[in-house]
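Let me begin by presenting the structure, written as structure tokens, before commenting on it.
Each chain gets a letter, A, B and so on, in the order its sequence line appears, and its residues count up from 1.
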There are 2 protein chains.
Amino acid sequence: MIDIRQMRYFVALAETLHFGRAAERLNLSQPPLSRQIAALERELGVRLVERHSRQASLAAAGKRFLQDSRAVLASFDEACRNAKLADEGELGELAIGFMMHAAYGALPGIARRYMAAYPGVRLSLREVIPSLLPQLIMTGQFDAGITFHGGGNPALESRSIHRERLCLVVPPGHRLADRETVQAADLEGEALIATHADVAPILRNVVVDFCRAAGFEPLVQLEAQLQQTIVRLVAEGLGIALVPETMRKIGFADVVFRDLEDAPVVEHVIAWRRGNLNPALKPFLRTAGIFVEE
Amino acid sequence: MIDIRQMRYFVALAETLHFGRAAERLNLSQPPLSRQIAALERELGVRLVERHSRQASLAAAGKRFLQDSRAVLASFDEACRNAKLADEGELGELAIGFMMHAAYGALPGIARRYMAAYPGVRLSLREVIPSLLPQLIMTGQFDAGITFHGGGNPALESRSIHRERLCLVVPPGHRLADRETVQAADLEGEALIATHADVAPILRNVVVDFCRAAGFEPLVQLEAQLQQTIVRLVAEGLGIALVPETMRKIGFADVVFRDLEDAPVVEHVIAWRRGNLNPALKPFLRTAGIFVEE
DNA sequence: CGATCATGATGCCGAAAAGGTATGGATCGC
DNA sequence: GCGATCCATACCTTTTCGGCATCATGATCG
């Protein structure tokens, strides 16, 4: 069977047109080279080299084979290098899922730095609903995800990368709209608009717990998936809400944001499946400031 | 050293994810396959396959290496096939030189048929002055050429592919313009415009010999390289000329073409260097209806 | 024109590598 | 816990490869 070594021998020969010198370049003595070239020609069924007494020359088939061989050898060597690079996380694909809030938090910086440091990795970023993330990471659709503090799945490892306070959002003219700061107790009796528990349970629970700690059960009559929707509904006068401070940056009209005393805090975490074998994951975590040793 | 065989083994393994079945597909027993894969991984310095008790799976580096290996193997096999094809004249390059007259003769048909039959050969066609062709064929710049009957070079082989009569071209109103046919003797005393002997000696000689056979020496006062130029000068009234009949097809204004009795004939030949090793040459000659056995 | 040199091919031997058979060790399912 | 499955390892045989010595051939030079 023809062999990559014979190709290398042939290229050396074609470039020197001299069996002795080619053999020398290959750290080989001349007879094995002669034999390998002869074997190559026999196996191809084609004469590649014309032997003259003074020097060799390439037949037409040899010229063609030289071209092709150079290309094959280059891609062969590159394949070997690429395997190493892929193993080191320098080459490959990395799928990251993130909840919308992350786009206002740590995600952009991490993604920018990672892409600059690992240009060989095709980074795929996809926004998903927070509650879906753990499952998608477990099934391998994402190598990692940015969501609110992990879903308690033991196979998922997670590290905090960002902390965010909640703030109050009310329509203009609301009785709390002019207060410098608001306490939990001030919310009693107000109609709250909150995230649906199926979408972002953490966020929902933080709000509920905040109220309970002040001694009352919150009145949630209206639920929405997206924080933007919640703010919009507040603007329409359908209630008030506690939302992450990132909402403040977006610049909504017809609402007023107010700080909360001892405001509840939600954490953004990067979560990944323990035992994920994608070599590109660890460098990504490092870029996010997370150093796992194991 | 890593080897194309190990790549084939790896691809088989990656496609079955089972050492036993992969070995079977390779007509091999399982232990050598295990060893070769292990050797491959050791030489690459990378783990490609994760061995689990029930089945194997590919590591990230393995996935990448599988992709790359498929591409390498395909180009490797193609290189081997191409060598054979190049040797058979199905693949390569063929440089043909031709004089302008050939473009009105056999060349278009031959080129068309050849390109259709040998799409893998890059056919390069270049017009050159007839007198230069033999030299350019000898030095290898052309594999073959179409010119007037060969320059007498013993290393050049040539075969006729086309015969062409000369005809008379005169300005309208010339004393010979109305004659049904013209004889050589009628040309005596006329100012002839002829090809320069350095450009197309054969053509020039045919004209001169035609006159000498009729017993007079032609009066050549004006010489031009191209037949088109000659016809144009005839139209301008500067003389008359004998030109190949192809000129008739072009449709010049202000000239009249007349048949000659016992018209001189020039031959178009394909010429090539005996011993030209381009495998694409013989099929080209066959396409031109020339069968060399040697 | 013959001796010499250069170059590639061939014969032979030892070393390295590859494949085959038998077997071991780990894991999974019953 | 036992058999079955699957890959790794050990050991042997066969094949292949490379090195050395030598040969054949054609070019070069005195």
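Shown for residues 28-42 of chain A: residues whose heavy atoms fall under 4.0 angstrom of DNA chain C, namely Q30(A), P31(A), S34(A), R35(A). Contacts of residues 9-22 of chain A with DNA chain C (heavy atom under 4.0 Å): H18(A), F19(A), G20(A).
Extent of DNA chain C lying under 4.0 Å from chain B heavy atoms, first and last nucleotide in 5' to 3' order, is dA18(C) to dC28(C).
With sequence neighbours excluded, the residues satisfying side chain to side chain donor-acceptor pair (under 3.5 Å) with R25(A) are E15(A). In this view, D87(B) and V46(A), A61(A) satisfy the side-chain contact (heavy atoms from CB on, under 4.5 Å) rule, not counting sequence neighbours. Annotation: salt bridge (Lys or Arg N to Asp or Glu O under 4.0 Å) contacts of R42(A) (sequence neighbours excluded): none. A144(A) pairs by the side-chain contact (heavy atoms from CB on, under 4.5 Å) definition with I96(A), I270(A), W272(A), L281(A), not counting sequence neighbours. With sequence neighbours excluded, the residues forming a salt bridge (Lys or Arg N to Asp or Glu O under 4.0 Å) with R204(A) are E223(A), listed by chain and number. Annotation: ring-ring contact (aromatic ring centres under 6.0 Å, His included) contacts of F10(A) (sequence neighbours excluded): F65(A). Partners of H268(B) according to the ring-ring contact (aromatic ring centres under 6.0 Å, His included) rule, which considers only residues two or more places apart in sequence or in another chain, are F148(B), H162(B).
Taking atom CZ of R51(A) as the reference point, atom C1' of dA27(D) lies 19 Å away to the nearest angstrom. Whole-Å rounding puts the M1(B) CE to dG18(D) C1' distance at 15 Å. Whole-Å rounding puts the E24(B) CD to dC7(D) P distance at 13 Å. In this structure, E50(B) places its CD atom 12 Å from P of dA8(D), rounding to the nearest Å. dT16(D) atom P lies 15 Å from atom CD1 of I2(A), rounded to whole Å.
Judged as a side chain to side chain donor-acceptor pair (under 3.5 Å), not a single pair has a partner in residues 110-135 of chain B (not counting sequence neighbours). Residue pairs meeting the ring-ring contact (aromatic ring centres under 6.0 Å, His included) criterion with at least one partner in residues 23-56 of chain A, sequence neighbours excluded, are absent.
The backbone N or O of E157(A) sits nowhere less than 3.5 Å from a side-chain atom of R159(A) that would complete a donor-acceptor pair.
Between D68(B) and R81(A), none of the side-chain N atoms (NZ, or NE/NH1/NH2) sits under 4.0 Å from a carboxylate O, so this pair counts as no salt bridge.
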